Amino acid sequence: MSDNSSRIYTCEQGAERLGNDVVKASTLARLARLGLVPHTRNGRKVGWTDAQLAGVVDYLSTQTDPAPDTRPEPQQSIRKPRTTPPLDPAPTSIRPLTTKRGSRYAAT
């Protein structure tokens, strides 16, 4: 006796069970990743029961149009463009670098 009500399907198996022409495995994975429909997780693995697959079909059948884009239009910047400050002329009073041996290398 096998009871299919407690069986957990992977995304690929769930898509096959629903019919790959209806729902693809990538769609099931995306819906689970975004948390849009109830699903079962075992660690990082996503699983689907028959009831959850039916919920996916219900969810997808109620989605007619994608959500409208509610982002505001980009505004023109009111900041002034950044200008680089003029370079100072090279000072002439700088001495060249000299090396000084550390005490580690001093003759003992």
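Start at 1 with the first residue, then count along the sequence. Here the structure is a predicted model, which is why all the values come from computation and not from measurement.
Considering every non-hydrogen atom in both Asn20 and Glu16, the closest pair reads OD1-N, 3.4 Å.
Using a 4.5 Å cut-off on side-chain heavy atoms (C-beta onward), Arg17 and Asp50 make contact. Residues Val57 and Tyr59 fail the side-chain proximity criterion, which asks for heavy atoms closer than 4.5 Å.
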Which donor-acceptor pairs under 3.5 Å do the side chains of residues 27-40 make with protein atoms, sequence neighbours left out?
{"residue": "His39", "atom": "ND1", "partner": "Val37", "partner atom": "O", "Å": "3.0"}
{"residue": "His39", "atom": "NE2", "partner": "Arg41", "partner atom": "NE", "Å": "3.4"}
{"residue": "Thr40", "atom": "OG1", "partner": "Gln52", "partner atom": "OE1", "Å": "3.1"}
{"residue": "Thr40", "atom": "OG1", "partner": "Gln52", "partner atom": "NE2", "Å": "3.1"}

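Partners of Ala25 according to the side chain to side chain contact (heavy atoms under 4.5 Å, CB included) rule, which considers only residues two or more places apart in sequence or in another chain, are Cys11, Glu12, Ala15. Remark: Ser26 pairs with no residue by the side chain to side chain donor-acceptor pair (under 3.5 Å) rule, at least two apart or across chains.
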### Query
Could you go step by step and tell me if Trp48 and Ile8 meet the side-chain contact (heavy atoms from CB on, under 4.5 Å) rule?
CA-CA 5 Å; Trp48 302 92; Ile8 304 286; over 6 Å; no
